[in-house]
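What follows is a short report on a single structure.
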Amino acid sequence: MFFSKSFIPILKNNPTEAKIKSHQLMLRTGMIKQSSAGIYSWLPLGFRVMKKIEQIVREEQNKVGVQEILMPTIQSSEIWKESGRYDDYGEEMLRIKDRQNREMLYGPTNEELITEIFRSSVKSYKSLPQLLYHIQWKFRDELRPRFGIMRCREFYMKDAYSFDISDDEALFSYNKFFLAYLNTFKRLDLSAIPMAADTGPIGGNLSHEFIILADTGESRIYTDKRIFDVDSSRTTIDKDSLTHLRNNFEKFYSVTDEKFNKDKFEKNVPEEHRLNTKGIEVGHIFYFGDKYSKPMKASVDFNGKKEFVKMGSYGIGVSRLVGAIIEAKYDNKNEIMKWPISVSPYDCSILPITNKNDNSSLEKALNIYKTLKKNNLDILIDDTEENLSSKMKKFNLLGIPYQIIIGNNFNENKIEFKEINNDTKYISLNEIIKIIKNKKVH
Ligand code: ATP
Ligand code: MG
């Protein structure tokens, strides 16, 4: 992509209405644009990041055997009356009437709709487990939308649902998601800790929030630092291995403030390992048994008897993750953003010196651009007439992790190549390609 033709409306200064870094940077670099309170348009730069996150989320769901579907954003009130949540959900639910005066709503979550889909088709326990997910916009009329897309009203969420015949099987499903979440956040280069959490309006009794540490987070957390060292890399998708993984995490006291108990914290965590800080909730998993299947009569045939299925639900805030990654990766001291390459809007930028009378740097840059494109790398080339130092400043803000700089002393065996926040190297184009590709597969 050529910068001159791109739609990346960069602002000169940080917008004053934004209180936290991710909100400032997303507005400043033209990733998003507010359209009304808590509702945003996603412009190319932001959209590319969100789509890359979405794809990683999707791949990790698929890997543990969850099937993708797509449910609508607009739902009928009927099923919510069956579950009893039509009244319980309160003002956060956006209620709409259609031309026939039917009560509709913009889905804040999908437990009811998926239960309706399940009960109309699945009749026998032999079809279980069923694990289904979709990635779809949600609407919650939050009392105080704030921090840009971190707490907004319309947001993009992956939500998955599991259906099983028994508690034991349902826990197996729960643990598959537990692992899928750890793997997802790892690929996003985030360290997300699973914390025992309250179940809130979803209901039920077993729940974990996945939290990344950040001063600007809205969740207060109390944890044993040793939880950061738990290794999930050798876990396989079988009951024993997954139970072992959960146990390894649950050995360490780790809760959000709703579950916090001072005595337990001090008794279970030696002082030197205690951490009381703030974090951002990026995922939340719940096990709630027959909370919805019972009132909505979702049952299967099991040895001649009807059994209500045991359900869980599993959310990831795909759009919130864009902001959360910025909060985690932004270098405040040097005012530099560096996207993990797995979600970066582009893999590498090319910054040539440009001036009116001499095209030579731009031509060299175009040749390099073509070679990198042939190697399937996503490249943003700054072909504008800005001077090199302001180009570099701008690209430090955009956060594309690698830069190729083409100045007056260009030498094709010693191309100026810089990884954001690292030293400059002078190497050949082949070596550059090798470095970027190598980073992309890890
Ligand atoms: P929170 O405690 O932050 O309000 P929640 O418990 O209401 O979140 P869930 O119902 O568990 O959220 O939704 C799953 C995920 O969706 C959350 O972990 C979060 O990442 C994301 N999410 C929830 N509400 C919002 C929102 N208003 N704006 C952006 N993302 C959200
Ligand atoms: Mg929550």
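As a basis for the values below, the full set of heavy atoms in this structure was taken, side chains included, without hydrogen atoms, waters or symmetry mates. Remember, it's 1-based here, ligands and their atoms both numbered in the order they're listed. The structure displayed is predicted, hence computed values, not measured ones.
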Any nitrogen or oxygen of C152, side chain or backbone, less than 3.5 Å from one on ligand 1?
yes

Among K418, E335, Q403, side-chain hydrogen bond (donor to acceptor under 3.5 Å, both in side chains) partner for N396
Q403

Can a non-hydrogen atom of D159 be found less than 4.0 Å from any atom of ligand 1?
no

Within the 6.0 Å centroid threshold, strictly below: Y161 and F118
no

Using heavy-atom distances only, which candidate in R320, M157, H284 approaches atom 13 (O) of ligand 1 most closely?
M157

Shortest reach to atom 21 (C) of ligand 1 by a heavy atom, considering only A324, G317, G283:
G317

May I ask which of E92, K138, R140, R146 has a heavy atom nearer to atom 10 (O) of ligand 1 than the others do?
R140

Is it the side chain (CB and beyond), the backbone, both or neither of E281 that lies under 4.0 Å from ligand 1, heavy atoms counted?
both

Under 4.0 Å, heavy atoms only, figure out whether ligand 1 is touched by the backbone of R151, its side chain, both or neither.
both

Test side-chain hydrogen bond (donor to acceptor under 3.5 Å, both in side chains) on K63 and N183 and set out the steps.
CA-CA 10 Å; K63 270 188 207 159; N183 290 339; over 6 Å; no

F178 and H208 aromatic ring geometry - parallel, tilted or perpendicular at 30°/60° bounds:
perpendicular

Worked check of side-chain hydrogen bond (donor to acceptor under 3.5 Å, both in side chains) between Y106 and D141:
CA-CA 10 Å; Y106 194 127; D141 202 353; over 6 Å; no

Below 4.0 angstrom, N of the basic side chain to O of the carboxylate: do E169 and K239 qualify?
yes

Note: ligand 1 atoms sitting under 4.0 Å from heavy atoms of V282 are 18 (O), 20 (O)

Hey, which atoms in ligand 1 end up nearer than 4.0 Å to a heavy atom of I149?
29 (C)

K391 side-chain N/O to T384 backbone N/O, donor-acceptor pair under 3.5 Å:
yes

Before signing off on this row, confirm whether S319 and ligand 1 have an N or O atom pair separated by under 3.5 Å.
no

Should one rank Y314, F155, F147 by closest heavy-atom distance to atom 24 (N) of ligand 1, which comes out on top?
F155

Heavy-atom contact check, 4.0 Å cutoff: does E218 meet ligand 1?
no

Parallel, tilted or perpendicular, judged at 30° and 60°: which one describes the rings of F185 and Y181?
perpendicular

